[in-house]
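Naming: A, B, ... by sequence-line order, numbering from 1 per chain.
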Number of protein chains: 2
Amino acid sequence: MGIVERRERMKKQLRADILKTARDIAREESWAAVSIRKIADVIEYSPPMLYEYFDNKDKILETIRNDGFAALHEELQKLKTLYRSPEKLLTEFAQIQWRFAIEQTEVFQVMFNIDGANCLSKQVYQAEFAKLNTHPVWEALAQIRPRSADAVSKTFYEWWCLTYGFLLISIVTQPRPQLPNLEPIFMESVRRFVRGLS
Amino acid sequence: MGIVERRERMKKQLRADILKTARDIAREESWAAVSIRKIADVIEYSPPMLYEYFDNKDKILETIRNDGFAALHEELQKLKTLYRSPEKLLTEFAQIQWRFAIEQTEVFQVMFNIDGANCLSKQVYQAEFAKLNTHPVWEALAQIRPRSADAVSKTFYEWWCLTYGFLLISIVTQPRPQLPNLEPIFMESVRRFVRGLS
DNA sequence: TGTAACACTTTACAGTGTTAAATATTCTAC
DNA sequence: GTAGAATATTTAACACTGTAAAGTGTTACA
């Protein structure tokens, strides 16, 4: 009686297709060009079908945003098992952030509401700052410079602004072909920051 | 025969009203809520009238963006006459950037394409990096740490990413009432950056 | 006072997100 | 194998959006 299971699988697949299609259109055109009808066209369904899978257009972006942060978190967890040195962990993570932003720019745009990507739901940011002392970056910072929790959280925010801010500005203001040249400058800034901690 | 002059004046006024109204709506609602028809409603004209003043909606945003950068440039020029110390110039300018972003958030959103503000024209960024060695911040950086033009330009880019990046991230990810608490962290980051130069 | 220039509006088109109602398809029980 | 229920999917519609063409007033000058 695998019928309901098959249906379940197909639903999951279609849901994934919707997300993928949205990203594809955003990548090839822009987030401004992403519309319910265009996605429906590509997946060969009528527009209202999408509302069986997402409450509204915003929820589609919200999912992509959350998935983006989750993906980075996963990478971070992997790094944690690979490197013991907190300094190494931080610079390696910065490297991954850079690559992520360059390779999956359309996801990054949604994650930070830039360049036409506009998603109201911002609770993922709060989540990121909520359980701070379990965040691998927070832990690394605390390890390098043991201080009060508040002081570490402050440093954590500086880190956050330095890395993501650098990427945001670069993606928004610089032409795509210019970006590879900026990576060394980014990494140097990160290393200087890490060095300045101890 | 001040007729044509009077007309000229009224045109200029109406143009300014359009820009102001767009900003007002963005401030009270969001940039996503700014529409030609809403602006037309407020200034009490029919929608097509706006096209006598701006080629399209994008040009309205483009103007606001350029005006924003111009305003900051003006402030920077003022600072240049006030302070001799390049370190002081940089930190004071950072302070002004912060205030600008907090007080005129809707302009800042257009300047960097965040939170629903979506303006295709990005040549203002290129302009900012084009005539680098006449930029007061570039000059200040060169004064603090005299190096090759390329090295200074690199530092200039780091400065740009640090200050604007910090602001972008803060505005996008933090709730408005939280922002004042972040100013000291911002300024501390800036001061550390400046200190690290020499 | 007629005419040319200008200011402005009406109407229309193609596109948007989204909803309710109608239809088609699939599965289950007899 | 077919009737009926459950599910899947579409059609049609509404209220928006930016924008262009055509039409209508209003003003200024000969």
N/O donor-acceptor pairs under 3.5 Å from side chains in residues 96-103 of chain A, not counting sequence neighbours:
residue	atom	partner	partner atom	Å
A/Gln97	NE2	A/Tyr164	OH	3.3

> Of all residues at least two apart in sequence or in a different chain, which pass the ring-ring contact (aromatic ring centres under 6.0 Å, His included) check with B/Phe129?
Replying inline: B/Phe156, B/Tyr157, B/Trp160
> Mind checking what makes salt bridge (charged side-chain N to carboxylate O under 4.0 Å, His left out) contact with A/Asp41, not counting sequence neighbours?
Replying inline: none
>> I need the residues from residues 39-58 of chain A with at least one non-hydrogen atom less than 4.0 Å from DNA chain C; give them sorted by number, or say none.
In response: A/Pro48, A/Tyr51, A/Asn56, A/Lys57
>> Let's see if you get this right: which residues in residues 30-37 of chain A place a heavy atom under 4.0 Å from DNA chain C?
In response: A/Val34, A/Ser35, A/Ile36, A/Arg37
>> Rounding to 10°, can you tell me the angle the first-five-pair axis of the helix from C/dT1-D/dA30 to C/dC30-D/dG1 makes with its last-five-pair axis?
In response: 30°
>> Output the rounded distance in Å from NZ (B/Lys38) to C1' (D/dT17).
In response: 11 Å
> Mind checking what makes salt bridge (charged side-chain N to carboxylate O under 4.0 Å, His left out) contact with A/Asp24, not counting sequence neighbours?
Replying inline: A/Lys20
> How long is the line joining NZ of A/Lys12 and C1' of D/dA8, in whole Å?
Replying inline: 20 Å
Solution key, residues 115-127 of chain B side-chain donor-acceptor pairs under 3.5 Å, sequence neighbours excluded:
residue	atom	partner	partner atom	Å
B/Asp115	OD1	A/Asn113	ND2	2.9
B/Asp115	OD1	A/Lys122	NZ	2.8
B/Asp115	OD2	A/Lys122	NZ	3.3
B/Ser121	OG	B/Glu62	OE2	3.4
B/Ser121	OG	B/Gln123	OE1	2.6
B/Lys122	NZ	A/Asp115	OD1	2.7
B/Lys122	NZ	A/Asp115	OD2	3.3
B/Lys122	NZ	A/Val172	O	3.2
B/Tyr125	OH	B/Met111	O	2.5
B/Gln126	NE2	A/Thr173	O	3.3

Run the side-chain donor-acceptor check on residues 184-198 of chain A: report pairs under 3.5 Å with partners two or more places apart or on a different chain.
residue	atom	partner	partner atom	Å
A/Glu188	OE1	B/Lys154	NZ	3.0
A/Ser189	OG	A/Ile185	O	3.4
A/Arg192	NH2	B/Glu158	OE1	2.9
A/Arg192	NH2	B/Glu158	OE2	3.2

> What salt bridge (Lys or Arg N to Asp or Glu O under 4.0 Å) pairs are there with at least one residue in residues 130-143 of chain B, not counting sequence neighbours?
Replying inline: B/Lys80-B/Glu139
> Mind checking what makes ring-ring contact (aromatic ring centres under 6.0 Å, His included) contact with A/Tyr53, not counting sequence neighbours?
Replying inline: none
> With a 3.5 Å cut-off and no angle check, do the side chains of B/Thr155 and B/Arg147 form a donor-acceptor pair?
Replying inline: no
> Atom NZ of B/Lys11 and atom P of C/dA5: how far apart are they, to the nearest Å?
Replying inline: 16 Å
> Which pairs count as ring-ring contact (aromatic ring centres under 6.0 Å, His included) when at least one residue sits in residues 6-39 of chain A, sequence neighbours excluded?
Replying inline: none
